[in-house]
Amino acid sequence: MSTPVRQRAIKSQKLKKELNQLKVIQGKKERNLTVLIYGLVVFIIFATLFVTVLGHALVAEQQIKIDNLNAQVSKLEQTHQSLTVKLAQAKAPSKIEQKATQLYNMAPPSTIIFLQASPVKKGSSGSGQGASNP
Amino acid sequence: MRVKDGFFYATNSGNREKVSKKPKKRRSGKDPILKYRSSMLLVIFLLIFLALIGRLIQVQAINYQKYAAYGEAELTHKIELPGMRGTIYDRNGNILAISIPAPTIVADPYQITDPTKEAEVLSPVVGIGVSQLISLLSMKAGFVYIAREISQSLAQKIMSLHLLGISEIQESKRVYPDPEITASFLGNVNADQTGISGLELQLNSLLKGKSGLAIVDKSPTGADLPGGYKVVIPSHQGQSIVLSIDSSLQWEVEQLLANDVLSTNAKDAFATIEDPKTGAILAMASVVVVSKAPENKNLIIAQSGNKYVVPDTVNLPVIDVFEPGSVMKVATMAGALTFNLVNPQSVLNIPSQLMVGGWAFHDAESHGDIQMSVTQILAQSSNIGTIEIAQMLGAQRLYEFLRKFGFGKPTSLAFPGESPGLLPPPALWSGSTIGSMPIGQAEGVTQLQIVNAYSVIADSGIMMPLHLIDGIVQPDGSIKKVAWGPGTRVISKSVDSELINMFEQVVKNGTGVEAVVPGYVVAGKTGTAQIPKNGGYIPGAFMATFVGFLPAGNAALVGAVTVDRPNNFYGGSAAAPVFSQIMQYAVTHFQIAPGD
C-alpha cells in the first residue's frame, strides 16, 4: 500500500516540478500583433535609414551640380578675364596703328589744318522778330 | 494543461503551443571548477572592458584635439584664395596692368610613390627636365611648386594625366597688355604679386589684394567631396587706380623718341609731357638702344639693322641726373626780373669771354664784344650774358630761385628711386660756381624737375603738384578723383608774362626754332650740356634737351625731350624737332586749338 502511495507522491512531486516550469504565453492573435508591431518598427527604422541615405544622396547630387556650376562660373570668369586682356591688347595704340597701316593702308596725317570759325553775329541766324541785324 | 504525444501543452485562451517536454539539464551552480572559470572569464572581460573604456577616455576626452586634428588633416585641405591685385588704367580707361587668375601646378611628394615614373610622364607636358622633376618630386616636403602661373589649357593637360600627388591651385598673374608703353614707369611685381619697382612698388599698399582662405573636404583618393568647399576668409581685391597717363600719347612719344635715337645715333632718349594747369603727367617715356633683340619681341619699338630701340626699364625722366645746360637759365632770368635788376629790354655788354673764379666762360658761338638785350640773351642762349645777370642777382638769391623752381629736391611725384638732383648750397660754391650754376653746369637735375620748373612759367607762375594718379576706382565702379591740392605761386604774374614773351623768342628766332609747331605759339628753351665723368667731361658727349610749352599765352601742355649723346649734339637740333613732332600729335589728340 505504501508503495503506490509513495509512487503517487513522487509522481505528484514530479508533476508539481514540471508545472513550475510551465509559463503563460500570449495567444496567437496577440503574438501576431506583437510580431507585426516589431516588424513595423524594424521597417520604420530601415525606411528612415533608407530615406536618410536617399536624402543624403540627393543632397550630394545637387551639391555636385552646384559644384559643377561653380566650376563653370569660375571657368567663365577666367575666360572673361583672358578676353579682357586680349581686348586690352587689341586696344593698344601700337596694335591699332599696326592694323591701320598694314591692313587698311592708312597713314598718319602729314598736315593739320585748323579752321577759324567766323564770329557769329547775334540774331543773324534767326528769322523771327528778334532778328535785329539780318 | 495536459500531456499529449510526449509534450506538455499550455493552454491559454484556447490556443495551444508545443513546448519541450524535457526540462533543460542544468549543471549545478555549486560546481567549483565552473564557478572558478566563470569568475576568471568575467574578470578578463571586465579588464578588457575597463581597458577599452580607458582608451576611449584617452582618445575622446584627453587627447581628443590631437586625434581630431589628425582626422581633420586627412579629410580637409586648406587653399589660399589669391587676393587679386588692383587694375591700373590710363586716363581713358585703357588697361595698363591687370591681374588674372593663373593655375599653378603643385606636388605633394609624400603622396608620390614612384617619382621617376611620374617625372617621365610629366616632363614632356610641363617642359621641365626629368632629372629636375625627379628631384622635385622626391623632396621631403608636402608642398612643391612644379609650374607657376601657367595657361588654363596647359593646366588642364597636366591634370588630365591624373597623377598621384599632383594638384592644381589658383594664383594670380600680372599682365601688362602693352608692355612697350608701360615698362619704364609701371615697374614690376614679384611671384607673390608684390610690387618691386616703379609704380607697382609706389602704389603697392593700394593695389595689393588680401588673400583669403578656403577649406576643401577631400576623399582619401583626393577627390573633392560634394559640398566640401567652404570659404573661411574671403579674399579681397586691391584697389584699382586710374593714372593720368594717356596711352596713345605715350606710345607716340616713344615712337618719336625711338626714331630720333636711331637717326641721331644716340644712346637713349626720354621725354615727359605734363598738363601745367593740373600737374598731371600725360606721358613719361624712356627708350634705349640695345644691340641684342629682347626676348619679348613686343618690346621692340623700332629697329635699324642690329640696333633695337626698347623701353628703358629705368624711368629716366625721374631717375637720370644730368647737367642740364641752358634750360637752367630760367631761374636766373626769373630772379633778375623779380628783383627788377633787369627787364626784357635791358641791354648788356657781352664780351667775347668772361673770367669767373679763374675760369673763362664763352658763348656757344664765338663773337667779339657785343650788346644784347635780356630777351636776346635768353633767345640766343648767351652764357656770358646769363652769368652777368646771375652776378647781379648774387649767389644766395640765385640759389633760392633754383630751389623755388624745384631744383635740388624731389618733386611731389615721390616716384620710387626718384633723385633729388644735385644742387650745392652757396656755402659750398667755389669761385667759379656763380658762373657755371646759372648756365646749368654745376648742378645735376632730373628731366622731371625741368618740366616742373617750366610748368611754373606755363601756368602763370604757379607750380602745381606733379602727379601720375588721377583717381581711385571705388567698389561701385565710379572713379574718385584724387585732390592734389592747390599750386604754389613761385613768381608773380607780371614776371611770368615777361618770361613767356622771352621764351617765345627762343622758338621764334632763337636756338629753338626747330621746336615750332605750325599754327601755335610755342615758348621754350634749349639746353646742351657735356656729360661729366671722373671730374672732367666725356669728349664729344652731350645731353641735348628742349623744354617748352604751348599755346604760349595759355599753355595746355608743357614737355621736355632729352637725347643722350646724339651726333647732332645741340638741344635745338636733336631734341627740339622731337618736341615739335610730339606736340603736333598732342594738340590734335587733345584737340587743343591754337588760340586756347
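In what follows, every chain begins at residue 1, and chains take the letters A, B, ... in the order their sequences are listed.
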As an exercise, state the distance from CD of Gln81(A) to CE of Met84(B), rounded to the nearest 0.5 Å.
6.0 Å
Under a 4.5 Å heavy-atom cut-off, does chain B meet the side chain of Lys86(A), its backbone, both or neither?
neither
Lys95(A) side, atom NZ; Trp251(B) side, atom CH2 - distance, nearest 0.5 Å:
10.0 Å
Counting only heavy atoms not in Met106(A) (residues, nucleotides, ligands), do more than 12 fall under 6.0 Å from its CE?
no
Is it true that atom NZ of Lys17(A) has more than 12 heavy atoms of other residues, nucleotides or ligands lying nearer than 6.0 Å?
no
Separation between OG (Ser248(B)) and CD (Glu97(A)), nearest 0.5 Å, reads 10.0 Å
Engaged part of Ile66(A) at the chain B interface, taking heavy atoms whose separation is under 4.5 Å
neither
Heavy-atom count check: over 12 atoms from other residues, nucleotides or ligands less than 6.0 Å from His589(B) NE2?
yes
Working to the nearest 0.5 angstrom, can you tell me the gap between Ser94(A) OG and Glu254(B) CD?
9.5 Å
Heavy-atom cut-off 4.5 Å, strictly under: side chain, backbone, both or neither for Gln156(B) against chain A?
side chain
Which residues, numbered in order, of residues 86-98 of chain B come under 4.5 angstrom of chain A by heavy-atom distance?
Asn94(B), Ile95(B), Ile98(B)
Minimum heavy-atom separation for Gln78(A) to Pro101(B), with atom names?
CG-CG, 3.9 Å
Contacting moiety of Gln250(B), where chain A heavy atoms sit under 4.5 Å:
neither
Tell me the closest heavy-atom pair linking Pro177(B) and Val85(A), and the distance in Å.
CB-O, 4.3 Å
Within a reach of under 6.0 Å around NZ of Lys230(B), are more than 12 heavy atoms found that belong to other residues, nucleotides or ligands?
yes
